[in-house]
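Just below is one structure, and these are the notes that go with it.
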Amino acid sequence: MKNELAKTYEPALFEDDIYHLWEDSGFFNPDNLDLPANAPSYTIVLPPPNITAKLHLGHSAMLAIEDLMVRYRRQNSYRTLWLPGTDHAAIATQNMVEKKIFSETGKTRHDLGREAFLEEVNKFVAETQATILRQTRKMGASLDWSRLAFTLDEPRQQAVQRMFLDMYKEGVIYRGERIVNWCPRCHSTLADDEVEYKEQKAFLYTFKYSPDFPIAISTTRPETKLGDTAVAVNPKDERYRQYIGQEYQLDFCGQALKIKIIADYNVEMDFGTGALGVTPAHSAVDWQMAEAQSLPKIKVIDEDGLIREGFGKFSGLSAIDAREKVVASLRNQGLMIGEEEIVNNLSCCYRCDSPIEPLPSKQWFIAVDKPLSRLNGKSLKTAAIAAASGGEITFLPERFNKRYLDWMENLHDWCISRQIWFGHSIPAWYRDEEIYVGEEAPNGEGWIKDGDTLDTWFSSGMWTFSTLGWPDNFKNGVKSGDLARFHPTQVLETGYEILTLWVSRMVMMSFFALGEKPFSQVYLHGTILDKAGKKMSKSKGNGVDPLEVIAKYGADAVRLSLLMGATPGNDSRYSEEKIEAKRNFINKLWNISRFILSDLDDRFLSAPLDVLPEAKTLADSWILNELFSARSIVDSALSESNFSIAAEALYDFTWNKLADWYLEAAKVEKGKEEILVFVLKNLLIMWHPFIPYVTEAIWQSFNEGLLMVEQWPSWPEKIEGAADEPGNDFKVVQEIIVAIRNARSENKVEPARKLQALAFGPKSELLLAQASLIKGLRTGIESLLKTDAPPTEAAIKVVLGDTDIYLLGAVDPEKEKARLQKEAENLLGLIGSLKSRLENQEFIGRAPANIVQAEKDKLERYETELAKIQASLAS
RNA sequence: GGUCGUUUAGCUCAGCUGGUUAGAGCGCUGCGUUCACAUCGCAGAGGUCAGUGGUUCGAGUCCACUAACGACCACCA
């Protein structure tokens, strides 16, 4: 059963086999876990990666964190489900495939036609999806593959169609016209957050529409002024107050305009002339003014970015060409008052970088403010706000609660239709002015299906419940099956950059569909930046392929390097050195195991883990207490999602306590196998969620069961009868171990034996050596000498024979005295300030009783300590 | 323009509700290494915690302001 471990750990030799072992065990699926019926659930849905590309290091970090959360809960007897999937990422995917086809064949999607194009997309999806799933497995992710989902697969399509129909029935989904961000190149609407702003130079033109119009206006887009129906001024503006309410018929570059002067507080008096030409059809702000003032809306520019029919010589021109022509005409007429070069933000398509054209368009919307009877009169918005502000949903780090709420409170109706082919189809049918909403066409001739698709966030917003069998598992308001067992989920772990895009939508969708939150906690991780602190991106070429670093250093090293040194919500930098350091650590753990397991009798291996081995020496109780204290740090850190702190506690224990000291002790003092095996097993269990492969590999070398489902240890924080401060006491032992090693290396057998007796003999002997390292050693030595004289160099020589040189450095009386004096001074200062605080009536009056008591306790502690120090100084 | 974040050793970062001498990894310096591990060991150097002011017996930690960098949101007609 027991296999010899090689000298170094080679991840590549183990990882694939181990993953298969886990997967074949079936324990990724909570249905196969051996649990009591009332075991609590722990569910995380994997934020589905876009199928546009391979995974990058950011995904690896996400997988490492979530796998850690999930494995820890699985070892703690939760009904643990981590549900995998991928996202169809409608626009991004369509663009990617369009580009690919165009570069390969020179054809556009229109050349191919809808059906053939979608076939190409599906081919692409199948390929990248396979790659992504393979990468995910490589990371060691313990996902339940039996529940694998895709935002556009058959069950999710049904769920989406049903959601759309339900929302339409409730009047939450409606069709309306408004200004949308239109990309003339992609021929698609963009959500506000899909628009990118680019600084660019532009000309701000100041002019009058016509000679007889009293007010001059400023604009960077004179061509849109062909559609102006009003001029807005600030009602406080003295210059224009007299004109408010007046209407003018005028001729603008040969086109007739009817302009009304209106008042609006949004107009800034300091900008330009302080008067704003209102173009309702081509500016969102202007549209709102026009709605409020019932102004006509004249559409000037069409979906291709060209001037529409009916604008004389301008019709058919591109916006840019028309602009030049309008400007020229204004100059000729002497109406141009100023042309100033300014820097402004141009809205651009986040996909193709083309300038956005704001256009009025018929689109489907979700009404976020509509009160709903199913939500007791709350709207989607107010329900989503209440959940977060009432603490039903919490955020980590907390500051994102505020960001979520800010965004939610300013939320406008959500445009969900997209003019692309790849995505969820919209179950709507049109015949002339008639609209019918349903999955099948209504009876009668001439109905045409809506050719648009849904915003990708519509389907991903349903992710927590569409993956758990909604709507089949939800009848008459009662959940069943997976939905009943796993929803609401416990944690949503995702990047902070999609807090608003995704998280907020999930909350609204879940409240609408189920009347409950989708998750209790939102954990937001930061972005993985490159070594220089820049975002990794394909265009910059600074991305790192996780598979490459995994091949080089192993998945565990990659995971640990992403977990350690990273804090919630903060970005962290990637560097290969970090991974290398973690690889070294993993090898260390491997070799610790190798040392403990080599030449080990099988009877030690089979010792049950629920029986505490007997601590025979101070070193034994010390290491056990260190183990337990590490366990308790790990538990509390993990319960607060402080992954880095948890890992550091284990790291410190493993390397600085176990390897550096206890293993050294075990070399000079045999018979520690029982404790060594006990510590090792517990350590492997606790390391497993962080670095599952290497721990399982070691476990498998001497165990039959799977470490993955081994029960998390539940020892007390301390064992009875151990010294109060095992750390301090053990420093004595540590010093002696060094001396023993030195003595042995020089073949000084008898001194080594004496030292060994001192370090590992019955506890009572060493307990003489309390208080602190040096003093302890001195006391021990003194007691052995049975003399009152302070241990001089000569005296120590008597005890330790020829070993003097090994201990002299440690017992320099002068150094020790200075140290104690300094410590005494520090304590005096502290005691003084504590006393004055406790005498301060204001403090006593205001501070809560428990705090005052704590200060008193502290004072007492310091005083006791000071007395001890003073006593030893006096001696 | 609004909101938020960051600033701690040469580098990358920890540091919870203020409390004894501010920590880690990497790097650096010196010494060592057949006997679990050179993917190693031991020892060491290196910090006025961005700046200024304040609260407090006590501030890396709390407050105010300033500076640099970064992110997000809004948007310039």
Side-chain angles (χ1 to χ4, degrees), chain A residues 5 7-9 192-193 197 202 204 217-221 224-225 232 266-268 270-279 283-286 342-345 347 397 399-400 402-403 406-407 410 496-497 499-500 526-527 529 531 533-535 553 557 561 564-567 569-575 577-578 580-598 636-637 640 642 644-645 648 651-652 655-656 659-660 663-664 666-667 738 741 745 809 819 822-823 825-840 843 851 855 858 861-862 865:
Chain A
L5 301 182
K7 200 166 171 178
T8 51
Y9 172 59
D192 286 345
D193 32 50
Y197 294 93
L204 181 68
I217 57 158
S218 298
T219 183
T220 51
R221 300 202 56 192
T224 64
K225 301 290 111 181
N266 291 318
V267 180
E268 279 180 41
D270 298 335
F271 190 91
T273 60
L276 164 69
V278 180
T279 319
S283 153
V285 182
D286 295 7
I342 58 160
V343 175
N344 75 347
N345 275 331
S347 332
R399 63 173 186 272
F400 288 104
K402 188 177 173 329
R403 192 191 284 189
D406 282 350
W407 189 83
N410 293 315
Y496 62 74
E497 72 277 2
L499 174 67
T500 52
T527 309
L529 307 171
K531 211 179 165 181
K534 297 267 179 275
K535 249 186 189 166
Y553 297 103
S561 72
M564 287 182 81
T567 42
N570 291 334
D571 296 347
S572 61
R573 297 190 192 194
Y574 162 84
S575 74
E577 289 81 31
K578 281 188 194 172
E580 209 178 302
K582 302 308 180 279
R583 188 268 321 263
N584 295 352
F585 169 77
I586 284 159
N587 190 59
K588 185 78 181 183
L589 179 62
W590 176 266
N591 270 292
I592 288 168
S593 312
R594 181 165 174 248
F595 172 75
I596 294 174
L597 295 170
S598 61
S636 68
E640 291 163 24
N642 280 324
S644 191
I645 288 174
E648 275 164 34
Y651 188 98
D652 179 58
W655 205 315
N656 302 329
D660 286 353
L663 290 196
E664 295 307 320
K667 282 177 191 170
V738 172
R741 284 159 71 196
S745 72
R819 196 190 67 84
K822 198 175 174 196
E823 208 173 311
E825 269 172 46
N826 282 329
L827 282 169
L828 270 174
L830 273 168
I831 289 166
S833 59
L834 270 174
K835 271 186 177 161
S836 76
R837 181 169 208 181
L838 286 167
E839 281 160 13
N840 184 337
F843 170 72
I851 298 224
E855 299 288 275
K858 233 186 267 177
R861 252 193 355 255
Y862 291 162
E865 210 172 306

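Naming: A, B, ... by sequence-line order, numbering from 1 per chain.
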Nearest-angstrom distance from the residue atom NZ of A:Lys531 to C1' of B:C13: 14 Å
Spacing between A:Glu497 atom CD and B:C4 atom C1', to the nearest angstrom: 16 Å
Base B:U12 to side chain A:Arg573, donor-acceptor N/O within 3.5 Å cut-off: no
Euclidean distance, atom CZ of residue A:Arg221 to atom P of B:C76 [Å, nearest integer]: 11 Å
Selected nucleotide, minimal atom distance to A:Asn591 side chain, candidates B:C37, B:G5, B:G25: B:C37
A:Asn410 side-chain N/O to A:Asp406 backbone N/O, donor-acceptor pair under 3.5 Å: yes
Touch class at under 4.0 angstrom, heavy-atom based, for A:Ser593 against every strand present: nothing
Cation-pi check, A:Lys667 onto A:Phe595 ring (under 6.0 Å, within 45° of axis): yes
Selection from B:U39, B:A36, B:G41 that lies nearest to any side-chain heavy atom of A:Asp660: B:G41
B:G23 and B:G47, which share atom name C1', separated by this distance in whole Å: 11 Å
Pairwise C1' distance for B:G30 and B:A68, with rounding to whole Å: 38 Å
Pair assignment for B:U21, Watson-Crick or G-U wobble, requiring both distances under 3.5 Å: none
Nearest-angstrom distance, C1' atom, B:U52 to B:A59: 15 Å
Candidates B:G5, B:C40, B:C37 - which lies nearest the side chain of A:Arg594: B:C37
d(CH2, A:Trp655; P, B:G41) in whole Å: 5 Å
Minimum-distance nucleotide to A:Arg583 side chain [options: B:G41, B:U39, B:U12]: B:U39
Who pairs with B:U7 - Watson-Crick or G-U, where each distance is under 3.5 Å: B:A67
Expected output: side-chain A:Asp652 to main-chain A:Glu648 donor-acceptor under 3.5 Å: no
Protein-nucleotide distance (A:Tyr496, atom OH; B:C73, atom P), rounded to Å: 11 Å
Between B:U48 and B:A9 - C1' atom distance, rounded Å: 14 Å
Earlier contact from the 5' end, RNA chain B, for A:Ala566 and A:Leu204: A:Ala566
Selected nucleotide, minimal atom distance to A:Asp406 side chain, candidates B:G41, B:U3, B:A36: B:U3
Any donor-acceptor pair under 3.5 Å from A:Lys588 side chain to A:Trp655 backbone: no
Base of B:A36 paired with side chain of A:Lys7 (donor-acceptor, under 3.5 Å): no
B:G2 OP1/OP2 closer than 4.0 Å to side-chain N/O of A:Lys402: no
Between P of B:U39 and OH of A:Tyr651, the distance in whole Å: 15 Å
A:Thr527 OG1 to A:Glu497 CD distance, which is reported to the nearest 0.5 Å: 5.0 Å
Base partner of B:G41, which must satisfy Watson-Crick or wobble distances under 3.5 Å: B:C31
Sugar-phosphate, base or nothing in reach of A:Lys578, heavy atoms under 4.0 Å: sugar-phosphate
5' precedence on RNA chain B between A:Glu577 and A:Lys535 (nearest-nucleotide basis): A:Glu577
Assigned partner base of B:U56, Watson-Crick or wobble definition, under 3.5 Å: none
Residue pair A:Lys578 / A:Met564, side-chain heavy-atom distance below 4.5 Å: no
A:Trp407 side chain near B:U3 phosphate (N/O to OP1/OP2, under 4.0 Å): no
Beyond-backbone contact of A:Leu663 with A:Ile596, side-chain heavy atoms, under 4.5 angstrom: yes
Spacing between A:Asn410 atom CG and B:G2 atom C1', to the nearest angstrom: 11 Å
B:A22 and B:U29, which share atom name C1', separated by this distance in whole Å: 23 Å
Nucleotide nearest A:Ala659 when distance is taken to its side chain, options B:A36, B:G5, B:A71: B:A36
Any donor-acceptor N/O pair under 3.5 Å between B:C37 base and A:Lys588 side chain: yes
Separation of the P atoms in B:U17 and B:U7, to the nearest angstrom: 14 Å
Interatomic distance at P, B:U56 relative to B:G46, whole Å: 36 Å
Backbone N/O of A:Thr279 and side chain of A:Asp286: donor-acceptor pair under 3.5 Å: yes
Sugar-phosphate, base or nothing in reach of A:Ser575, heavy atoms under 4.0 Å: nothing
Separation of the C1' atoms in B:C16 and B:G53, to the nearest angstrom: 27 Å
A:Asn570, nearest nucleotide to its side chain (from B:C37, B:C40, B:A14): B:A14
Side-chain N or O of A:Thr567 closer than 4.0 Å to phosphate OP1/OP2 of B:A14: yes
